[in-house]
Peer 1: 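Attaching a single structure in structure tokens format; questions to follow.
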Amino acid sequence: MPELPEVEVVRRGVAEHVAGRTVAEVEVLHPRAVRRHVPGADDFATRLVGRCLTAARRRGKYLWIELGDGTLPDGEALVAHLGMSGQLLVQPPGAPDEKHLRVRFRFADGGPELRFVDQRTFGGLHLAELVEVGGLAVPKPIEHIACDPLEPVFDVEELAGRLRSRRTSIKRALLDQSLVSGIGNIYADEALWRAKLHWARPTATLTRPKVRELFAAVTEVMQDALRAGGTSFDALYVNVNGESGYFDRSLAVYGRAGQPCSRCGAPIRRDPFMNRSSYTCPVCQPKPRNAHL
DNA sequence: CTCATGCCCTGCTGGC
DNA sequence: TGCCAGCAGGGCATGA
């Protein structure tokens with residue numbers, strides 16, 4: 001469930017509690033958590049020891065921590081993706097192991113540990129070289145990830161052009177991380193509701209002003225969620241201190257099948273979509289005649 | 001190149 | 001009470 005706002009909450013926690021500290025020991029308790037680190041778990045652990053975690057960065061749903069000697073970056077980063085159920089937690093040494101603890105980082109200062117906990121193991125950690133993309137240093141494996149709506153370099157006019165040349169539905173496009181990143185099922189549905197667009201609307205039929213309106217809604221719903229500390233339905237998504245956000249109380253459509261639309265009172269509808277669900281208000285977001293199903 | 005689909009994984013929920 | 005199907009879903013491989 002972690003989408004952009006949830007990952008940003010975690011990034012801020014990492015920046016506050018971990019940045020500037022030197023790794024003393026890395027323990028990989030489940031190899032699947034580092035499967036994207038091709039040289040293997042031992043290499044992952046060995047290469048981190050003695051290095052400083054300098055700065056926490058984010059693009060879309062990806063989080064990375066620049067590595068360095070002292071405070072200067074050395075061109076490599078520890079990349080994290082939370083997947084469905086991943087958590088980065090800051091815990092005092094000696095705190096009992098979480099049931100799904102996958103990787104533990106101990107630090108030279110003897111202070112709190114950084115732990116990667118992941119029930120479903122869709123997420124993971126790996127080391128990667130930083131490369132320059134559009135003037136920004138990003139990990140090489142995520143070069144193909146588009147910038148997200150909260151980045152200063154985000155260009156809605158360029159995106160509108162790309163959307164209009166696509167032959168797909170607006171929701172598929174919103175979820176395509178190579179087009180725009182950070183949007184998952186929750187914020188796609190919420191932004192579409194705010195912009196009064198149906199998920200099956202063909203991207204090619206969107207006017208430029210409508211694309212601007214949609215991305216204003218995307219930005220707004222993400223900033224609202226960020227202020228609430230993110231969205232969580234259970235204890236799966238938490239910040240580095242293990243606390244849940246409360247944006248789920250502000251959701252207009254997601255997970256609200258049968259409940260009244262806060263704008264018009266019509267019961268919210270759930271449609272199967274890509275082996276998942278899409279939630280819409282049937283009155284505010286009527287299905288277009290030329291729906292791209 | 002573009003677009004769509006299936007798989008990975010675990011735990012919870014609801015139906016019988 | 002117990003069992004099992006269905007659901008949650010981001011990203012990537014694969015195929016059309």
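Reminder, nothing fancy here: chain letters follow the sequence lines and each chain counts from 1.
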Peer 1: Within the sub-3.5 Å range, which N or O atoms of nucleotides 2-5 of chain B have a protein N or O partner, and how far apart are they?
Peer 2:
unit_1, atom_1, unit_2, atom_2, d
B:dC3, OP1, A:R167, N, 2.4
B:dC3, OP2, A:R166, NE, 2.8
B:dC3, OP2, A:R166, NH1, 2.9
B:dA4, OP2, A:T168, OG1, 2.7
B:dT5, OP2, A:R172, NH2, 2.8

Peer 1: Examine B:dG11: is either OP1 or OP2 under 4.0 Å from a nitrogen or oxygen in the side chain of A:K99? Give yes or no.
Peer 2: yes
Peer 1: For the base of C:dA8, is there a side-chain donor-acceptor partner from A:R120 under 3.5 Å away?
Peer 2: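 Between C:dA8 and A:R120, which were checked side chain against base, a qualifying N/O pair under 3.5 Å is present.
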Peer 1: Nearest whole Å is fine: how far is B:dC8 C1' from A:R102 CZ?
Peer 2: 13 Å
Peer 1: Roughly how many Å is it from CE in A:M84 to P in C:dC12, rounded to a whole number?
Peer 2: 16 Å
Peer 1: Salt-bridge test for A:D271 and A:R269: reply yes if a basic N is under 4.0 Å from a carboxylate O, no otherwise.
Peer 2: yes
Peer 1: Measure CG/A:D248 against C1'/C:dA8 and give the value in whole Å, please.
Peer 2: 15 Å
Peer 1: Of A:I142 and A:R270, whose nearest nucleotide on DNA chain C comes first from the 5' end?
Peer 2: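 Its nucleotide being nearer the 5' end, the pick is A:R270.
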Peer 1: Hey, is the side chain of A:Q177 poking within less than 4.0 Å of OP1 or OP2 on C:dG11, counting only N and O atoms?
Peer 2: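 Answer is yes, contact under 4.0 Å.
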Peer 1: How are the rings of A:F44 and A:F105 set to each other: parallel, tilted or perpendicular (split at 30° and 60°)?
Peer 2: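 Because their plane-to-plane angle is over 60°, the rings of A:F44 and A:F105 count as perpendicular.
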Peer 1: Measure CG/A:D148 against C1'/C:dG10 and give the value in whole Å, please.
Peer 2: 16 Å
Peer 1: Rounded to the nearest Å, what distance is computed from the CZ atom of residue A:R256 to the P atom of nucleotide C:dA8?
Peer 2: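 After rounding, the gap between these two atoms is 17 Å.
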Peer 1: Is it true that the side chains of A:S277 and A:R270 contain a donor and an acceptor less than 3.5 Å apart?
Peer 2: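 Judged by distance alone, the side chains do pair up.
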Peer 1: Do any side-chain nitrogens or oxygens of A:H100 fall under 4.0 Å of OP1 or OP2 in B:dG11?
Peer 2: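 Checking A:H100 against B:dG11: at least one side-chain N or O falls below 4.0 Å of OP1 or OP2.
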Peer 1: Within this structure, what is the CG-to-C1' distance between A:L179 and B:dC1, rounded to whole angstrom?
Peer 2: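 Result: 14 Å.
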Peer 1: Considering Watson-Crick and G-U wobble pairs with both distances under 3.5 Å, what does B:dC7 pair with?
Peer 2: C:dG11
Peer 1: Looking at A:E3 and A:K61, is any side-chain nitrogen of the basic one under 4.0 Å from a carboxylate oxygen of the acidic one?
Peer 2: no
Peer 1: Whole Å only: how far is the NZ atom of A:K61 from the C1' atom of C:dC12?
Peer 2: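 The distance from NZ of A:K61 to C1' of C:dC12 comes to 13 Å, rounded to the nearest Å.
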Peer 1: Reckon A:F273 touches a base, only the sugar-phosphate, or nothing at all at heavy-atom distances under 4.0 Å?
Peer 2: nothing
Peer 1: Please check if atom NZ in A:K210 has more than 12 non-hydrogen atoms from other residues, nucleotides or ligands closer than 6.0 Å.
Peer 2: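 Atom NZ in A:K210 is crowded, with more than 12 foreign heavy atoms closer than 6.0 Å.
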Peer 1: Is the phosphate of B:dT10, meaning OP1 or OP2, less than 4.0 Å from a side-chain N or O of A:S85?
Peer 2: no
Peer 1: Measure from the side chain of A:H81, starting at C-beta and using heavy atoms only, and say which of C:dG11, B:dT10, C:dA8 lies closest.
Peer 2: C:dG11
Peer 1: Rounded to the nearest 0.5 Å, what separation is found between the CG atom of A:L29 and the CZ atom of A:F116?
Peer 2: 12.0 Å
Peer 1: Going through the distances and angles, do A:Y187 and A:E6 end up as a side chain to side chain donor-acceptor pair (under 3.5 Å)?
Peer 2: CA-CA 11 Å; A:Y187 296 110; A:E6 292 74 36; 2.6 Å; yes
Peer 1: Grab the CZ-P distance between A:R32 and C:dC12 for me, whole Å please.
Peer 2: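 About 13 Å, once rounded to whole Å.
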Peer 1: Rounded to the nearest 0.5 Å, what separates atom NE2 in A:H100 from atom CD in A:Q87?
Peer 2: 9.5 Å
Peer 1: Confirm from the modelled atom types if A:R36 and C:dG11 form a donor-acceptor pair under 3.5 Å, side chain to base only.
Peer 2: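 Answer no: no donor N or O sits under 3.5 Å from an acceptor.
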